[in-house]
Amino acid sequence: MPAGKTNFIRQIIDEDLRTNKWDGRVMTRFPPEPNGYLHIGHAKSICLNFGIARDYKGICHLRFDDTNPCKEEQEYVDSIKEDIRWLGFDWGEHEYFASDYFDQLYEWALQMIRNGQAFVCDLSAEEIRQTRGTLKEPGQPSPYRDRSVEENLDLFQRMKDGEFPDGSRTLRAKCDMASPNLNLRDPVMYRILHAHHHRSGDKWCIYPMYDFTHGQSDSIERITHSICTLEFEDHRPLYDWYCDTLGIYHPQQIEFARLNLTYTVMSKRRLLELVRDRHVNGWDDPRMPTISGLRRRGYTPESIRDFCDRIGVAKADNTVEIQMLEHCLREHLNKVAPRYMAVLNPLKVVLTNYPDDQTETLEAVNNPERPEDGTREVPFSKVLYIEREDFMEDPPKKFFRLSPGAEVRLRYAYFIKCEEVIKDADGEIVELRCTYDPATRGGDAPDGRKVKATLHWVSAAHAVDAEARLYDHLFVKENPGAVEDGQTWIDNLNPDSLKVVSGVKLEPELAKVAAGAHVQFERLGYFCADAKDHAPGKPVFNRAVTLRDAWAKIQQK
RNA sequence: UGGGGAGUCGCCAAGUGGUAAGGCACCGGGUUUUGGUCUCGGCAUUCGCAGGUUCGAAUCCUGCCUCCCCAGCCA
């Protein structure tokens with residue numbers, strides 16, 4: 001975190017350090033449930049937890065919260081680890097699984113039964129719900145609440161041994177059925193689930209609930225600050241209660257507001273639905289707010305970390321404009337991405353006064369932000385492609401680019417002037433006849449005359465064809481969840497979130513970059529050679545973000 | 001309407017009784033062989049509202065308003 005930046009959690013830690021509350025230790029953890037891919041909201045939590053450990057010379061554990069065998073899979077733990085590493089964080093040997101604590105958790109459950117603090121309940125899920133009470137009214141105690149310790153021990157043993165079917169019984173804590181906090185109304189500690197667990201296999205047929213697992217896992221690992229999101233604020237009394245009634249080491253839970261972003265969705269349920277119903281092409285679709293999607297789109301770890309630093313950490317609900325994220329990417333890539341010329345929508349230009357068979361090589365700067373990155377050679381010849389949008393036959397007042405009679409500069413090449421517009425039978429412009437000024441080689445006029453625009457271009461004879469995938473926001477509304485009568489968030493999907501363009505013309509050097517490479521197409525945007533589909537001889541580029549476009553703004557007015 | 005949280009610029013967010021940081025966005029000027037970058041300037045007499053305490057309040061007190069979360073054998 002940049003010097004001077006802080007947040008309320010760091011202030012708590014500062015104070016704890018000052019009072020020596022945890023013997024000077026700072027230990028955090030990132031506890032994902034392996035039931036989906038990580039998204040930008042998780043990145044906020046990862047940067048928070050690992051960032052604190054880094055800055056305070058502490059330790060951050062990676063712990064998979066895998067207490068529900070029905071939803072969790074190895075594929076997800078693999079992707080989660082890959083994404084955290086890619087973001088630039090390292091948990092070292094501190095990789096844990098809540099499922100590794102199942103034996104200890106079971107012992108603790110036994111302890112509570114023996115102490116008369118837990119009981120086996122025969123109520124069905126439906127009956128439990130009906131007796132839980134409401135927001136205003138207290139719950140009714142379960143008729144099984146007063147079973148003897150012996151009977152509870154016997155029943156719990158038999159639950160563990162698999163004698164009872166799923167859902168037939170639970171182990172519940174004797175907490176407080178009259179509590180205004182629903183979480184404290186004799187919460188379920190264990191449920192029967194004859195399901196195969198991705199790690200413990202078929203060893204267990206009873207599985208602990210989140211509340212009976214999370215705090216204890218933190219406790220076992222000697223976590224000092226257990227940072228989670230706001231919706232767990234109501235669970236903190238239970239977190240505290242379990243630690244206290246078990247008489248074990250008691251970490252401090254602190255809650256912060258989760259991240260929301262405009263023009264996208266962040267809930268796991270919705271992301272899963274997008275993938276499952278093929279609204280996108282997988283978890284790593286470049287339109288997804290997943291870490292893997294952002295990576296494939298062309299985001300960098302640096303830009304995402306910078307974003308997380310900038311948005312801050314607080315307790316107020318928030319929705320950050322996606323422009324903030326895009327800004328962070330542009331800022332990073334502006335410094336590091338090599339520039340190339342590529343024409344997305346080609347318009348043929350013939351230089352009538354240029355020798356037919358001549359080819360010359362011009363020198364282009366790789367990155368004006370980093371002169372040390374050197375230069376490259378770009379071939380130039382009589383027939384070129386320019387961007388179709390860079391020519392207007394009848395230009396408005398503020399259009400500086402090419403038009404009949406106008407003179408512009410071809411970047412690193414020559415001044416050219418449009419002499420003639422060639423159209424086909426339908427009136428479609430198919431070619432421009434221009435003249436070039438040999439004296440302007442490199443892009444400067446010896447007579448000092450100026451030109452108002454510089455265009456990118458590619459020599460037709462040397463161009464390499466490519467595919468470009470132009471991405472836009474996944475949803476048309478800032479808040480996809482805000483829907484009208486009978487509509488759903490799915491109806492807010494942006495039909496134009498992906499435009500595949502073939503026949504893109506690349507300068508030769510651009511066709512040589514490796515898959516995953518980040519580049520700038522001059523005047524167009526930052527692109528990333530697709531990690532999966534890009535190959536030598538078959539270039540495929542994803543547009544991560546456009547360059548800021550002052551002309552587009554002028555046009556809008 | 002029980003409980004738990006939160007309200008500071010369009011969006012984030014500092015501020016912790018001494019007179020409203022910063023970033024994004026937006027609007028103008030300059031530089032520029034990317035209408036990019038960079039750069040300069042503008043952008044909250046006011047902190048949900050109303051009272052009160054104080055020499056002094058976004059910060060303290062009282063009352064009210066609005067929004068979010070909670071009735072999974074999910075996490």
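The sequence lines fix the lettering, A, B, ..., with proteins before strands; numbering per chain opens at 1. Just so it is clear, the values below take in all heavy atoms, side chains as well, and ignore hydrogens, waters and symmetry mates.
Nucleotide B:G41 forms a pair with B:C27, judged by Watson-Crick or G-U wobble geometry with both contacts under 3.5 Å. In a base pair of the Watson-Crick type (N1 to N3 plus N6-O4 or O6-N4) or a G-U wobble (N1-O2 and O6-N3), with each distance short of 3.5 Å, B:C64 is matched with B:G48. Base-pair partner of B:C74: not found among the strands shown (Watson-Crick or G-U wobble, both distances under 3.5 Å). Pair assignment for B:U54 gives none, since no Watson-Crick or G-U wobble pairing has each distance under 3.5 Å. With a cut-off of 3.5 Å on both Watson-Crick or G-U wobble distances, the partner of B:U19 is given as none.
For A:Lys44, the salt bridge (Lys or Arg N to Asp or Glu O under 4.0 Å) criterion is met by no residue, not counting sequence neighbours. For A:Tyr385, there are no ring pair (Phe, Tyr, Trp, His ring centres under 6.0 Å) partners, not counting sequence neighbours. The salt bridge (Lys or Arg N to Asp or Glu O under 4.0 Å) search around A:Asp83 returns A:Arg295, not counting sequence neighbours. With sequence neighbours excluded, the residues forming a ring pair (Phe, Tyr, Trp, His ring centres under 6.0 Å) with A:Phe212 are A:Tyr190, A:Tyr242, listed by chain and number. Taking the salt bridge (Lys or Arg N to Asp or Glu O under 4.0 Å) definition, one finds that A:Asp16 meets it with nothing, sequence neighbours left out.
Between A:Arg449 and A:Glu407 there is a salt bridge, since a side-chain N of the basic residue sits under 4.0 Å from a carboxylate O of the acidic one.
Counted within 6.0 Å of CZ on A:Arg270, heavy atoms from surrounding residues, nucleotides or ligands total more than 12; the atom is thus considered enclosed.
Note on A:Glu233: only backbone sugar-phosphate atoms sit closer than 4.0 angstrom, heavy atoms only; bases stay farther off. Heavy atoms of A:Leu193 sit nowhere under 4.0 angstrom from any nucleic acid atom. Base contact: A:Phe399 has a heavy atom under 4.0 Å from a base atom. When heavy atoms are screened at a 4.0 angstrom cut-off, A:Leu123 is found touching base atoms of the nucleic acid. A:Tyr207 comes within 4.0 angstrom of nothing in the nucleic acid, heavy atoms only. Residue A:Ile128 is classed as a base contact, given a heavy-atom separation below 4.0 Å to a base. Residue contacts shown for A:Asp444 include a base, since a base heavy atom lies under 4.0 Å away. Counting any heavy atom pair closer than 4.0 Å across all strands shown, A:Thr213 reaches no nucleic acid atom.
Spacing between B:A21 and B:G42 at atom P, rounded to whole Å, works out to 13 Å. Of the C1' atoms belonging to B:A20 and B:U8, the separation is 8 Å, rounded to the nearest Å. A gap of 13 Å separates the P atoms of B:A58 and B:A50, to the nearest Å. Nucleotides B:G48 and B:G35, compared at atom P, are 44 Å apart to the nearest Å.
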In 5'-to-3' order, the base (B), backbone-only (S) or no-contact (-) status of each nucleotide in nucleotides 8-16 of chain B, using a 4.0 angstrom heavy-atom cut-off, is --BSSSSSB

Collect all protein-nucleotide pairs involving nucleotides 40-42 of chain B in which both atoms are nitrogen or oxygen and the distance is under 3.5 Å.
none

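For residues 164-179 of chain A, the set of pairs meeting the salt bridge (charged side-chain N to carboxylate O under 4.0 Å, His left out) definition, not counting sequence neighbours, comprises A:Asp122-A:Arg169. Applying the salt bridge (charged side-chain N to carboxylate O under 4.0 Å, His left out) definition to pairs two or more places apart or across chains, those involving residues 185-198 of chain A are A:Arg145-A:Asp186.
With hydrogens and angles ignored, no donor-acceptor pair closer than 3.5 Å exists between the side chain of A:Asp549 and the base of B:G35. No hydrogens or angles were tested; on distance alone, nothing pairs the side chain of A:Arg330 with the base of B:U37 as donor and acceptor under 3.5 Å. For A:Glu369 and B:G36, a side-chain-to-base donor-acceptor distance below 3.5 Å is present, hydrogens and geometry of angles not being considered.
The glycosidic torsion of B:G28 lies more than 90° away from 0, which places this base in the anti conformation.
For the atom pair A:Leu271 CG and A:Arg276 CZ, the distance stands at 12.0 Å (nearest 0.5 Å).
What you find for A:Cys308 and A:Ile311 is that their closest heavy atoms are O-CG1, 3.4 Å.
If you take NE2 of A:His235 and P of B:C70, they are 8 Å apart, rounded to a whole angstrom.
Aromatic stacking is marked for A:Trp551 over B:G35, as both cut-offs hold: 5.5 Å for the centres and 30° for the planes.
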